[in-house]
Each structure stands twice: as structure tokens, then as C-alpha cells.
Amino acid sequence: MRSVEDLGSSHGWRLSRAVLDDGRQVFVKSGADFTSEAAGLRWLGQSGVPVPEVISVGEDRLVLEWVSEERPTPQAAERFGRDLARMHRAEAQAFGAPWPGFIAELPMDNSPADDWPTFYATRRVLPFVRQAGLPSRDMRQIDRAVDRFAEVAGPAEPPARIHGDLWSGNVLWSGGAGVLIDPAAHGGHRETDLAMLALFGAPHLDRILGAYREEFLPADGWRERVPLHQLHPLLVHVVLFGGSYRDSLMAAVGRVLAL
């Protein structure tokens, strides 16, 4: 590498921008095993959705193509909605993935399950309930919600190829498109990505969702099911950042119980 610029740290990883000997700018993450992230990026990219090229990956480092960012426009948001729909249409072999799962630094079980409610309960929600340090009354409420997953999940759909951690910070706007980074990619329910976009907001979200619906209409009732799909990311935030997210989590649990 010709030069390396320190960009600080995130989740204990070191972040850098570097220039390779051939003049290319790259983004470098170091300090963990990023092979699952690299596999997820390549898998999502096979659908045609923009992702940074994986230049190299090793036991302690991931080197990606540098993405030059720009302000998101309504047109870019609409393109992103269509790209996201096509990615979900690409489907997956099963609910789960053939690589270990991670969200931030937290491991997730990606072993396959026969149906999405079972996968979501046993691989995404209950493991994080056990880590969240919630009071027993909250855990009882969550158990009640989990018991209802099969009833309230909506029509069964085949596993979709999803990002799995699709908050706005994991979408970079470049070249008139949304570029996906930092995936927790797996075969899941496509409404999970839509619910994650809504959780913390996204630029021109109405344009994203409008274009998505034109390309791949969600099943009836998908908006009412948003809290169901937000249970996992809210639990992750309780585990990572503490009780400040507890009220949001339990409000979502209440809405699931009301479905």
C-alpha cells in the first residue's frame, strides 16, 4: 500500500482508508475475522444490487473498494427501492446461511430452519433475549409474543436474500444508487429489511418503498407486521447499548401481541 489514513474505530475494529500500489483507494477493516461479511457482500452482489468489491479478506482484515459518497436524491432512492426488490426476488436456498452470522460484533446462529417463524424465534429473538438482562416480566411478555410468531407472520414466503442489518448507516449513496455495506446477510423474510429501514429512518424512505412496491409488492398487512420484524434489531441494541432501548423494544412487543 502507498498510504494508509486512520479513520478511527467501530465495535473494536480499526477502520482505514488506503491507497494501493496500483492507485486504487480502498476501505480497510481490521481486528476480526471478516470472512462472513465478505461472503455476504458477494452473495448479495450476485443479485445485481450495488455492493463494494471485496478485494481481499483474511483472518484479521477485510479490504473493500472505496465508495465515494454523495447526497441521496429522490431518483437514487427510487433506484435503491427497485434494486432491493430484485435482491429479495433472488431468493435463498433456506432460512439461514452457509456462513456464521454476525451483527456488529455479536454472533448469530445461521443454521437453517424449515420456516421463517421458527428461524426468527430460535435464531434471532430468543438468543438475544437471554443476553439482554431484561427483568422477568419483560421476558414473559416476549415469550408470549414469540408464541404468536407463526400466527402473525403473514402469508408464508420463500426465503429471500436479505441484508439483515439494513439501517440507513449501512446504505452508502454513490453513483445515483444505494450501495449496501456491513451486511448480516442470510436467507430471511424480506419484510425484515423493510422494517429495519423504517426503524431509524432513511433518506426519501417514501420513494424507496414506493419503488419497491412497484417492483415486488409486499403481502397485505406488511405495515402492521413492522414491529414483529423490529424485535430482533431492538434486542440487539439492548444487548449492545443497554436499557435505553428497552422501552422501544417493549412497545414493539406490545404491538406484536395486539396483532
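It should be emphasised that the depicted structure is a prediction, and the values quoted were computed from it without experimental measurement.
Taking the six-membered ring for Trp and the full ring otherwise, F119 and H186 have centroids separated by under 6.0 Å. The distance between the ring centers of Y120 and H189 does not fall below 6.0 angstrom. Ring pair H237/F128: centre-to-centre distance not below 6.0 Å.
Shown here for S36 and W99, the closest heavy-atom pair between the two residues is OG-CB, 4.0 Å. Between W43 and G187, the closest heavy-atom pair is CH2-N, 3.7 Å. Minimum heavy-atom separation, A77 to H204: CB-CB, 3.5 Å. Of all heavy-atom pairs between A160 and A92, the closest is O-CB, 4.1 Å. Nearest heavy atoms, T118 versus T122: O-OG1, 2.7 Å. For the residue pair A97 and A185, the shortest heavy atom distance occurs at CB-O, 4.1 Å.
Among the candidates V179, L84, L180, the single residue satisfying the side chain to side chain contact (heavy atoms under 4.5 Å, CB included) test with V171 is L180. Residue I142 is tested with L231, V253, D147, V256 for a side chain to side chain contact (heavy atoms under 4.5 Å, CB included); the sole match is V253. Screening Q46, H88, R89 for a side chain to side chain contact (heavy atoms under 4.5 Å, CB included) with R161, the sole residue that qualifies is Q46.
Side-chain contact check for L64 versus E53: every heavy-atom pair is 4.5 Å or farther apart. Taking 4.5 Å as the limit, every side-chain heavy atom of N110 sits out of range of all side-chain heavy atoms of F102. Contact annotation: the side chain of Q131 never approaches that of V238 to less than 4.5 Å [non-hydrogen atoms, C-beta and beyond]. Looking at L235 and V125, their side chains come closer than 4.5 Å, going by heavy atoms from C-beta outward. The side-chain heavy atoms of F27 and L62, taken from C-beta on, include no pair separated by under 4.5 Å. Annotation: side chain of P218 is in contact with side chain of R213 (closest heavy-atom distance under 4.5 Å). Counting heavy atoms from C-beta on, the side chains of I181 and P52 come closer than 4.5 Å. Two residues are said to be in side-chain contact when any heavy atoms from C-beta on lie closer than 4.5 Å; R2 and D21 meet this criterion.
Note on F34: it does not cluster hydrophobically with V26, by side-chain heavy-atom contacts below 4.5 Å among ILVMFWY residues. Hydrophobic clustering keeps V28 apart from L7 (ILVMFWY residues linked when any side-chain heavy atoms are closer than 4.5 Å, directly or through intermediates). L126 and L228 fall within the same hydrophobic cluster, defined by Ile, Leu, Val, Met, Phe, Trp and Tyr side-chain heavy atoms under 4.5 Å apart, directly or through other members. Grouping the Ile, Leu, Val, Met, Phe, Trp and Tyr side chains by contacts below 4.5 angstrom, directly or via other members, places M108 with W13. A continuous path of Ile, Leu, Val, Met, Phe, Trp and Tyr side chains, each step under 4.5 Å between heavy atoms, connects V236 with M250, placing both in one hydrophobic cluster.
Of the inter-residue distances, the one linking S168 atom OG with L197 atom CG reads 8.0 Å to the nearest 0.5 angstrom. Atoms CD1 and CD, from I162 and E91 in turn, are 13.0 Å apart once rounded to the nearest 0.5 Å. Between the CD atom in E191 and the NE2 atom in H229 there is a gap of 4.0 Å [rounded to 0.5 Å]. F80 contributes atom CZ, which lies 10.0 Å from atom CG of L209 (distance to the nearest 0.5 angstrom). Rounded to the nearest 0.5 Å, atoms CH2 (W167) and CG (L199) are 10.5 Å apart. Atom CG of D83 sits about 12.0 Å away from atom CD of E78, to the nearest 0.5 Å.
A donor atom on one side chain and an acceptor atom on the other are not found under 3.5 Å apart for R207 and Y212.
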Inset, instruction - Go through the steps to decide whether L249 and D247 satisfy the test side-chain contact (heavy atoms from CB on, under 4.5 Å), and finish with yes or no. - result: CA-CA 5 Å; L249 167 66; D247 288 347; over 6 Å; no

Inset, instruction - Check the pair S9 / L15 against side-chain contact (heavy atoms from CB on, under 4.5 Å), numbers first and verdict last. - result: CA-CA 5 Å; S9 63; L15 311 178; 5.7 Å; no

Inset, instruction - Start with the C-alpha gap between R14 and D6, add the side-chain angles, then the distance that decides, and say whether salt bridge (Lys or Arg N to Asp or Glu O under 4.0 Å) holds. - result: CA-CA 8 Å; R14 297 304 306 175; D6 184 15; 2.7 Å; yes

Inset, instruction - Report the C-alpha distance between M196 and N170 in whole Å, list the side-chain angles of each, state the deciding distance to 0.1 Å, and finish with yes or no for side-chain contact (heavy atoms from CB on, under 4.5 Å). - result: CA-CA 11 Å; M196 190 66 177; N170 284 341; over 6 Å; no

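Comment: K29 engages D182 in a salt bridge, judged by a side-chain N to carboxylate O separation of less than 4.0 angstrom.
Within a 6.0 Å radius of CG in D220, no more than 12 heavy atoms belonging to other residues, nucleotides or ligands are found. No more than 12 heavy-atom neighbours from other residues, nucleotides or ligands sit within 6.0 angstrom of CD on Q93. With a 6.0 Å radius and a threshold of 12 heavy atoms from other residues, nucleotides or ligands, R61 has its CZ atom at or below the threshold.
Side-chain atoms of E215 never come within 3.5 Å of backbone atoms of R86 as a donor-acceptor pair (strictly under, hydrogens ignored). Remark: the backbone N or O of L257 is paired with a side-chain donor or acceptor of R148 at under 3.5 angstrom. At least one donor-acceptor pair under 3.5 Å links the side chain of R123 to the backbone N or O of P112. Remark: side-chain polar atoms of S47 are not paired, donor with acceptor, to backbone N or O of A90 under 3.5 angstrom. Side-chain atoms of Q230 come within 3.5 Å of backbone N or O of A195 as a donor-acceptor pair. T73 places a side-chain N or O within donor-acceptor distance of the main-chain N or O of A76, the cut-off being under 3.5 Å. Checked by atom type and distance alone, the side chain of S174 never pairs as donor or acceptor with a backbone atom of V67 at under 3.5 Å. The main-chain N or O of G164 is found under 3.5 Å from a side-chain atom of D193 such that the two form a donor-acceptor pair. Between the side chain of D165 and the backbone N or O of I103 there is no donor-acceptor pair closer than 3.5 Å. Checking side-chain atoms of R82 against main-chain N and O of I208 turns up no donor-acceptor pair under 3.5 Å.
Taking the centre and axis of the six-membered ring of W66, the NZ or CZ atom of R17 falls inside the cone set by 45° and 6.0 Å.
Relative orientation of the H11 and F241 rings is tilted, given thresholds of 30° and 60° on the angle between their planes.
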